[in-house]
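Convention: sequence-line order gives letters A, B, ...; per-chain numbering from 1.
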Amino acid sequence: MAGDPMIRLENVKKVFPGSSRAAVTDLSLDIGRGECVTLIGPSGCGKTTTLKMINRIIEPTSGRIEIDGRDAMAIPAHELRRSIGYVIQQIGLFPHRTIAQNIGTVPALVGWDQARIDERVAELVEIVGLDAEMMARYPSELSGGQQQRAGVARALAADPPVLLMDEPFGAVDPIVRKRLQHEFHDLQGRLGKTVVFVTHDVDEAILLGDRMAILNIGGIIEQYDIPEKILAEPASDFVERFLGGERGLKRLALLPINEADLEHGPFVDVSTTPAEAHRVMEQHGVDWLGLLDDERLLGWVDGDLVDSKPLRDLDPRPFLVTLDTESTLRSALDAVVTSHARVAVVVDDGIYRGMLDLESIAEGITE
Amino acid sequence: MMVLGQTSQLVDWDWIGRNIDQIADRTWQHLSLTAVSVGIGLVISLALAIVALRWRWSYTPITWVTGLLYTIPSLALFALLVPVVGLNATNAVIALTSYTLLIIIRNLVAGIDSVPDAVLEAADGMGYTRRARFWRMEVPLALPVIIAGLRIATVTTVGLVTVTAVLGLGGYGYFILRGLNTFFWTQILVGVVLSVALATVLDIGFLVMQRALSPWARRAR
Ligand SMILES: Nc1ncnc2c1ncn2[C@@H]1O[C@H](COP(=O)(O)OP(=O)(O)OP(=O)(O)O)[C@@H](O)[C@H]1O
Ligand SMILES: [Mg+2]
């Protein structure tokens, strides 16, 4: 990371009173400006403790924590916290305050005037994808997913440079969680906050983390790197075991389709003669033919039908799954195993770009 | 009916008409004894609850002592207080107040305890100071439970005030005691009915107040 880190932990240690083992033994971690770092590790490894030491909900036993170059201990805790957005797993919306009041909590605490708070709240409701009509409701009148959004909006309210999130999407069902993850990913791309994100969902850590820190019991860092690197070269058996099965699939999910890897495959223009069509199928060793009309993808036809009529008059069947140039190799693999023809077809605005088969996907991951 | 005379009538409306001023006086006495006792009870309970919340270990002895007070029969407590403060309103208020403490303290502490940890942690995380968190998060959220405590304490006190008739006070209890002595049914009924009515009105009043002060809890249902 270039420049000074936004958050720096130096030899931080936490021993809870009455406990013989340190929850966090000796942790040093730099988090860059605008970077989203995911902390992941087994239950009880000290993720939450680490996060809460950053905003001093938990005071470290020893060590130093700097935020934007300032010693966190030198700032009164409540002032420090007003400049750090905080989202907890249980959401913790204030039940006696409306959603609008909840979202406006920190702006009100730091003394914004009401008009400015209202404006900001309306803006945030939009940003996190809540309906404006929900602003007047109480938290108990929202669904779990809506409450999570309100929780994120509340954390963002005073535009803090730093955001701490402790399993923020843990309490909602998997489908809503996926959606929230992707929305947060987009949001983070736009807002560029410095985020520390605790999770125990490996896929979430990989998706959201610019870098991910894998912690072992006692807050020991096993590996701290970009997800691609961690998946490709796990630093230890622990990391490898923690990442679990399907490491290859997880890597594929991070790798975009490389246009250079695309093949043209058995795809021909509808003006092609039957003889030429047979030659193409033979060359590729397949019994089907992709049809293009001036580069536009029409679909595919069975090889047996090629002699029956001119290609232009055949009724091509559509490819069930097509990819665009932004897709990942993982969705390409999915397309291959789903498609009848065992290929993943890449289409950009209706224009045929090329295809991938199993072999070219496997090549993509070894590059 | 005429021959039997007024004493045999269940309700002698004439008597009520003639004594309307006295009924008003006793209503005022009943209300003020209740209000003063519950009011002082609330102040003492608040202080004790704050102590109990701050130093947790003190909660057990506090409930033990107030619980003991609660178990003393009211007549006995009035009598016990006579040598100390005499046969007067002070005696009544001390006794009545002591009965409110247990209920109010328990509800204060239970109310504050019922505030979810996640709310407290979020409040800390947003940058509330301890004091601001107590007054703006914990107290408002505990309010339904606290008011429920005041409600029970008030209704109980309305009933107990009638017993202070033995001290020459009693509010509506005065009518009950006199009526019992003279076998005058109208007087007994007036005392009983008005006392029950007062308790009911105050009960509903607290319910309305509780709903008005915690719209969030009502809409949640
Ligand atoms: N307030 C506390 N008092 C004593 N010990 C604690 C306290 N909070 C956490 N611990 C201990 O510290 C260790 C780390 O806890 P922490 O909550 O940071 O784990 P975590 O990584 O967030 O786990 P999880 O994934 O289950 O949330 C655990 O052994 C836990 O029991
Ligand atoms: Mg945790």
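- Atom CZ of B/F134 has more than 12 neighbouring heavy atoms from other residues, nucleotides or ligands inside a 6.0 Å radius.
- B/R56 CZ: more than 12 foreign heavy atoms inside a 6.0 Å radius.
- Per-residue heavy-atom pair counts under 4.5 Å with chain B were compared for A/P76, A/A157, A/P95, and the maximum is reached by A/P95.
- With a 4.5 Å cut-off on non-hydrogen atoms, B/R130 does not touch chain A at all.
- Of the listed residues (A/H96, A/E79, A/K52, A/H78), the greatest number of heavy-atom pairs within a distance under 4.5 Å of chain B belongs to A/H96.
- Atom CD of B/Q22 is surrounded by more than 12 heavy atoms from other residues, nucleotides or ligands within 6.0 Å.
- Interface remark: B/A123 contributes backbone and side-chain atoms alike to the contact with chain A (heavy atom separation under 4.5 Å).
- The contact list for residues 55-73 of chain A toward chain B, using heavy atoms and a distance under 4.5 Å, reads A/N55, A/I57 by residue number.
- Neither the backbone nor the side chain of A/L164 comes within contact range of chain B; no heavy atoms are under 4.5 Å apart.
- In this structure, OH on B/Y128 lies 5.5 Å from CZ on A/F94, to the nearest 0.5 angstrom.
- More than 12 heavy atoms of other residues, nucleotides or ligands lie within 6.0 Å of CZ in B/R133, so this atom counts as buried by the packing criterion.
- At a 4.5 Å heavy-atom cutoff, A/L80 makes no contact with chain B through either its backbone or its side chain.
- For A/R81 (side chain) and B/M126 (main-chain N/O), no donor-acceptor pair under 3.5 Å exists by modelled atom type.
- Within 6.0 Å of CD1 in A/I175 there are 12 or fewer heavy atoms belonging to other residues, nucleotides or ligands.
- Around the CG atom of A/D113, the shell of radius 6.0 Å holds more than 12 heavy atoms that belong to other residues, nucleotides or ligands.
- Of the listed residues (B/P116, B/P140, B/A118), the one with the most heavy-atom contacts under 4.5 Å to chain A is B/A118.
- When all heavy atoms are compared, the tightest approach of A/R154 to B/A122 is NH2-CB, 3.5 Å.
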